Amino acid sequence: MLNNTALTKRRAEFMGMLCDGIAILTTSKHLTRNRDVFYPFRPDSDFFYLTAFPEPNAAAVFVPGRDKGEYLLFCREKDPEMERWDGRRAGLEGAIEQYGADQAFPIEKLQEVLIELIPEYHNVYSQMGKDSDLDKEILSIISDLRTKSREGTKVPANFVHLDHILHEMRLIKDSEEIRTMRKAAKLAAKGHIRAMQTTRPGMYEYQVQAELEYVFLKGGGLSVAYPSIVAGGPNACILHYIDNNDRLNDGDLLLIDAGVEVDCYASDITRTFPVNGKFTGAQRDVYDVVLNAQVAAIDAVRVDRPVTDYHEVAVRTLAEGMIDIGLLRGDLEELIEKKTYRKFYMHLTGHWLGIDVHDVGDYKIGKQGRSLEPGMIVTVEPGLYIEPCKEVDEKWHNIGIRIEDDVLVRRNGPEVLTVDVPKNTDEIQAIMAD
Ligand code: GLY
Ligand code: MN
Ligand code: MN
């Protein structure tokens, strides 16, 4: 659980940005899987960022400057009978004592409290479009107030979307978040190492997935950050392959893109290694092209450089490498200009990482890539994916390689949080032979 001092500071910063306003957020719903079985609950990311409250059926209301309390949490009340079946609840007391709310109310009282509070403010901040029930409730309160405006009732003048404020905050990780993300990165790295150590020809992809996720769960990562991709041979060329049900063949590569979530913060690692523990010459050639691009791209993750730069560095290094090994022919500048490389490299080189695996925050300010700042965390994940075709030498057919690390932007240069998993071919072979 996140520490309360960091959360109090985060909430104070958030409330400092609300101008004569009330902010209302709700968390995710508990979704039914079938009949009386639910999907595991995972809080809404924005709500969690400000509250760390892990239960469904809750709302947070922020009313800066209000004497009776600025941070109001609405949640389920304690109910011993229901808790015997469905698990413990913080209840109203817990909302205050454990989660730092100034006041707590049963969730059923949300509308009643909002009716009282909303007319006090000029601006209503919410996440319109995210929770249609809440949207309707707010609109109905406002339209009721309008009917009474001749009696002197005040009506807020503006609706403001919260996403911009919140997502700009989430983009720069505070020290508490960095601590959690280091944990997630270290645990994910351990899982990848075990996958390398246990993979053998003849195993099924899901068996390797089990080795990996065993480490995640055993280390306290109760959920994956996204469905694990365990893709042997040609499956590695399917970017979002999650079937994970094929046999692993001697001589093929295995691409694993998997990360664990720790206290709702994601890690995101990809490694590609030979199923039998030894790269072929052709596999090694392509692998080293990707590795060189990844190392060069990580070096471009620097304060004040546009976030778009490291993709450009990766593309250039990949294109140079592909020309060197004979996978592409022609003039480097022209191949880049005409995007010919996209036949083998069709995705971007990374994304923000945080509470969401593809985390929030703008990548561009106007048309320019925004400058990197300390505390941002990105992934760096170039790859090459070679589907069989007659223009390409058969020795490269079905090779799919991606290498992905999580990188913290720091004043003194990039810090690779996922450094524990080997990525040089010799190191990978050594760990697999061990
Ligand atoms: N695992 C999702 C991604 O790498 O973007
Ligand atoms: Mn990624
Ligand atoms: Mn990934």
Side-chain angles (χ1 to χ4, degrees), residues 42 45 170-171 173 181-182 184-196 205-206 208-209 212-213 215-216 221 223-232 235-244 253-262 264-273 287 290-291 293-295 297-298 300-301 307-311 313-315 318 342 344-361 363 372 376-385 400-409 414-423 428:
R42 201 270 188 184
S45 300
R170 279 177 54 188
L171 185 52
K173 276 68 184 173
M181 290 189 69
R182 274 188 209 288
K186 281 214 162 288
L187 185 55
K190 264 175 105 172
H192 277 263
I193 290 171
R194 183 172 170 106
M196 283 179 186
E205 291 164 341
Y206 53 76
V208 180
Q209 179 184 354
L212 180 84
E213 293 183 9
V215 175
F216 293 174
S223 171
V224 286
Y226 52 90
S228 303
I229 296 170
V230 183
N235 296 337
C237 296
I238 303 168
L239 298 177
H240 292 160
Y241 175 82
I242 51 168
D243 291 346
N244 299 354
L253 290 173
L254 174 60
L255 180 154
I256 300 182
D257 182 346
V260 66
E261 194 172 85
V262 170
C264 282
Y265 281 81
S267 50
D268 183 6
I269 301 180
T270 308
R271 288 293 184 268
T272 310
F273 55 88
Y287 188 94
V290 179
L291 183 60
Q294 206 239 7
V295 171
I298 289 175
V301 176
V307 62
T308 38
D309 267 19
Y310 75 89
H311 174 63
V313 169
V315 163
L318 284 172
R342 285 188 63 103
F344 304 113
Y345 182 48
M346 57 298 283
H347 59 77
L348 289 171
T349 306
H351 49 84
W352 308 125
L353 183 72
I355 302 182
D356 296 325
V357 62
H358 293 167
D359 208 31
V360 292
Y363 289 87
L372 290 169
M376 291 174 166
I377 298 184
V378 295
T379 65
V380 181
E381 49 180 304
L384 288 176
Y385 312 91
I401 293 169
R402 179 163 63 254
I403 307 171
E404 175 174 28
D405 281 305
D406 304 344
V407 181
L408 168 64
V409 183
E415 178 188 337
V416 180
L417 302 179
T418 43
V419 70
D420 295 351
V421 210
K423 61 184 176 186
I428 290 175

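As the structure is a computational prediction, the values presented were derived from the model and not from experiment. Numbering of ligands and ligand atoms starts at 1, following listing order.
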Just let me know how D268 lines up against ligand 1, side chain, backbone, both or neither, with a heavy-atom cut-off below 4.0 Å. side chain
Can we call the ring centroids of H240 and Y226 under 6.0 Å apart? no
Taking 4.0 angstrom as the limit, do R182 and D406 come out as a salt bridge? no
Atoms of ligand 1 close to H358 [distance to a heavy atom under 4.0 angstrom, numbered from 1]: 2 (C), 3 (C), 5 (O)
Residue that, paired with E213, satisfies side-chain contact (heavy atoms from CB on, under 4.5 Å) out of V208, V224, V230: V224
Decide, yes or no, whether a salt bridge links D420 with K190 under the criterion of side-chain N to carboxylate O below 4.0 Å. no
Closest E381 atom to the Mn ion (ligand 2) [N, O or S only]: OE2
Which atoms of ligand 1 sit under 4.0 Å from any heavy atom of Y226? 1 (N)
Under 2.8 Å from the Mn ion (ligand 3), is there any N, O or S atom belonging to D257? yes
Regarding T379 and D268, is there a side-chain donor-to-acceptor distance under 3.5 Å anywhere? no
Minimum-distance atom from the Mn ion (ligand 3) among N, O or S atoms of D268: OD1
Ligand 1 to E404, heavy atom cutoff 4.0 Å, flagged ligand atoms 4 (O)
Give a yes or no on whether H351 keeps an N, O or S atom under 2.8 Å from the Mn ion (ligand 2). yes
Pairwise side-chain contact, T418 with H192, heavy-atom cut-off 4.5 Å (strictly under): no
E404: which N/O/S atom is nearest the Mn ion (ligand 3)? OE1
Any heavy atom of D257 closer to ligand 1 than 4.0 angstrom? yes
Name the orientation class of the two ring planes belonging to Y345 and H311 (parallel below 30°, tilted from 30 to 60°, perpendicular beyond 60°). tilted
